[in-house]
There are 2 protein chains.
Amino acid sequence: MQLKSQVEWALHCCAILGMLPPDRHLSAKALAEFHGVPKEYLSKALQSLSQAGVVHTTAGVAGGYRLARPAGELSFLDVVEAVEGRRSTFQCANIRANNPCRPADQCDDKPCAVARVMWDADAAWRASLAGVNLAGLAATLNDDLSRELLAASEKWVLDRAR
Amino acid sequence: MQLKSQVEWALHCCAILGMLPPDRHLSAKALAEFHGVPKEYLSKALQSLSQAGVVHTTAGVAGGYRLARPAGELSFLDVVEAVEGRRSTFQCANIRANNPCRPADQCDDKPCAVARVMWDADAAWRASLAGVNLAGLAATLNDDLSRELLAASEKWVLDRAR
DNA sequence: TGAAATGCGGATAATAACTATCCGCTTTGT
DNA sequence: ACAAAGCGGATAGTTATTATCCGCATTTCA
């Protein structure tokens, strides 16, 4: 079970978009070039972010993307769910219903005990993702990266932002 | 991103194996019939459990499986990792290295900030799974299911156990 | 006003992963 | 010796992921 590579791309794109001043935006082409990923396919991830309301899209020539809300109000979970969807990673096929000892007409008042545990774990995963927002990511990057790289990257982005 | 159906099967199989008295075991054929899943493919999941040390295998005619340890010492995580593997659900392709502003020879002293958050969430998921063991599952099932179904299922299993 | 750049949605492949089955082999109880 | 069982490898069928392409609508700018 692996998350799609688009999740990683979307998170890095949001980190970059968080560097933009309000009301400026960056194209899919620039984001793809910055991250070294195929533009057409990255566009699909950006479209998912747009549909989920994580980013705001500007159409037309010189169009592009910006964060739909302040970085402090956008969590990792928002981004991950935009790309991966909100369905639990565990799908219960209700195989308990195949128990040969079970009356065929029995109806279950509770979800399967196995599924409940798996869903709890899924909820813990999402809660962890919900606990980190893009402002926190920016702060971490600020600590991790050199002044030079940060400044150069910001310049690169702002030179291409509209 | 969906967990394999084999995860669900393996967990339900372990729940059944937990009903067996020590030193008795149940065949893949019986487990497959009980859960209404294809025997050949279920066998693959059981082989994974065996290789991971979750279950103990008895070879030869009248062979089969039993839990390798007491139910209280086997967690959901043990079962899930046996089938899904121990690799994180998030794979970092290190796309930060593609940043055009970055010197080509730069080496990173820390893992990518995005990956760290994703790995923390993965760890939270696994911690949640590690917090429930098969004895706890048995207790839950004991509360959830009717006396009749529990007794009938136990009889069905014991009739086929060796 | 028209050309160019951009995002969007659908269609289409290529690749990988998951699901499933089969077969020969070894082991073991009767 | 034989039958039933688990194991490992081989092989398909199906689904999901990755990737590309195309036409269309929108918008900027000359």
Side-chain angles (χ1 to χ4, degrees), chain A residues 1-10 13 17 23-33 35-66 68 80 82-85 87 89-91 93 95 160-162, chain B residues 1-10 13 17 23-33 35-66 68 80 82-85 87 89-91 93 95 160-162:
Chain A
M1 180 189 61
Q2 289 287 122
L3 288 163
K4 318 190 209 198
S5 57
Q6 284 190 335
V7 170
E8 181 181 10
W9 302 356
C13 283
L17 294 180
D23 294 328
R24 296 192 69 188
H25 48 268
L26 199 60
S27 71
K29 182 184 172 192
L31 287 165
E33 186 184 347
H35 293 115
V37 299
K39 167 184 169 294
E40 304 289 350
Y41 192 34
L42 176 64
S43 289
K44 300 298 185 186
L46 293 169
Q47 286 171 33
S48 296
L49 292 175
S50 180
Q51 286 174 356
V54 174
V55 301
H56 175 267
T57 302
T58 304
V61 59
Y65 304 90
R66 63 172 170 83
V80 170
V83 175
E84 278 289 340
R87 287 177 47 197
T89 54
F90 179 81
Q91 181 164 359
I95 62 174
R160 287 159 182 80
R162 308 291 158 139
Chain B
M1 180 189 61
Q2 290 287 122
L3 289 164
K4 316 189 210 198
S5 58
Q6 284 189 337
V7 170
E8 181 180 11
W9 301 357
C13 283
L17 294 180
D23 294 328
R24 295 191 68 187
H25 48 267
L26 199 59
S27 70
K29 182 185 173 190
L31 287 165
E33 184 184 349
H35 293 114
V37 299
K39 166 185 170 294
E40 303 289 349
Y41 192 34
L42 176 64
S43 290
K44 300 297 185 187
L46 293 169
Q47 286 169 34
S48 296
L49 291 175
S50 181
Q51 286 174 355
V54 173
V55 302
H56 176 267
T57 302
T58 304
V61 60
Y65 304 90
R66 63 172 170 81
V80 170
V83 175
E84 280 287 340
R87 286 178 46 197
T89 54
F90 179 81
Q91 182 164 359
I95 61 173
R160 287 159 182 80
R162 305 294 158 136

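Per chain, numbering begins at 1; letters A, B, ... match sequence-line order.
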Mark yes or no for whether A:Glu8, through its side chain, and A:Leu3, through its backbone, hold a donor-acceptor pair below 3.5 Å. no

For A:Ala82 against A:Ser48, the heavy-atom pair lying closest together: O-CB, 3.5 Å

In whole angstrom, what separates B:Glu8's CD from C:dC18's C1'? 15 Å

Between B:Arg66 (CZ) and D:dG6 (C1'), how many Å, whole number? 15 Å

For the pair B:Lys29 and B:Arg160, evaluate side chain to side chain contact (heavy atoms under 4.5 Å, CB included) and give the outcome as yes or no after the intermediate values. CA-CA 10 Å; B:Lys29 182 185 173 190; B:Arg160 287 159 182 80; over 6 Å; no

I'd like to compare against my own output: the B/S/- annotation of nucleotides 6-17 of chain C with a strict under-4.0 Å heavy-atom distance to protein. BSBBB-------

Whole Å only: how far is the CZ atom of A:Arg87 from the C1' atom of D:dT15? 13 Å

Separation of C:dC18 P from B:Gln6 CD (nearest whole Å): 9 Å

How many whole angstroms separate atom CD of B:Gln2 from atom C1' of D:dT17? 13 Å

Phosphate OP1/OP2 of C:dT21: any B:Tyr41 side-chain N/O under 4.0 Å: no

State, with a plain yes or no, whether a side-chain heavy atom of A:Leu46 is found less than 4.5 Å away from one of A:Thr57. no

Side chain of A:Pro38: nearest nucleotide among D:dA19, D:dT17, C:dA20? D:dA19

Please report, rounded to the nearest Å, how far the P atom of D:dT15 is from the NZ atom of A:Lys4. 17 Å

Do you know the tightest heavy-atom contact between A:Glu84 and B:Met1? OE1-N, 2.9 Å

Over how many whole Å does the gap from B:Leu42 atom CG to D:dC7 atom P extend? 11 Å

Sidechain-backbone polar pair: A:His25 side chain, A:Ala62 backbone, donor-acceptor under 3.5 Å: yes

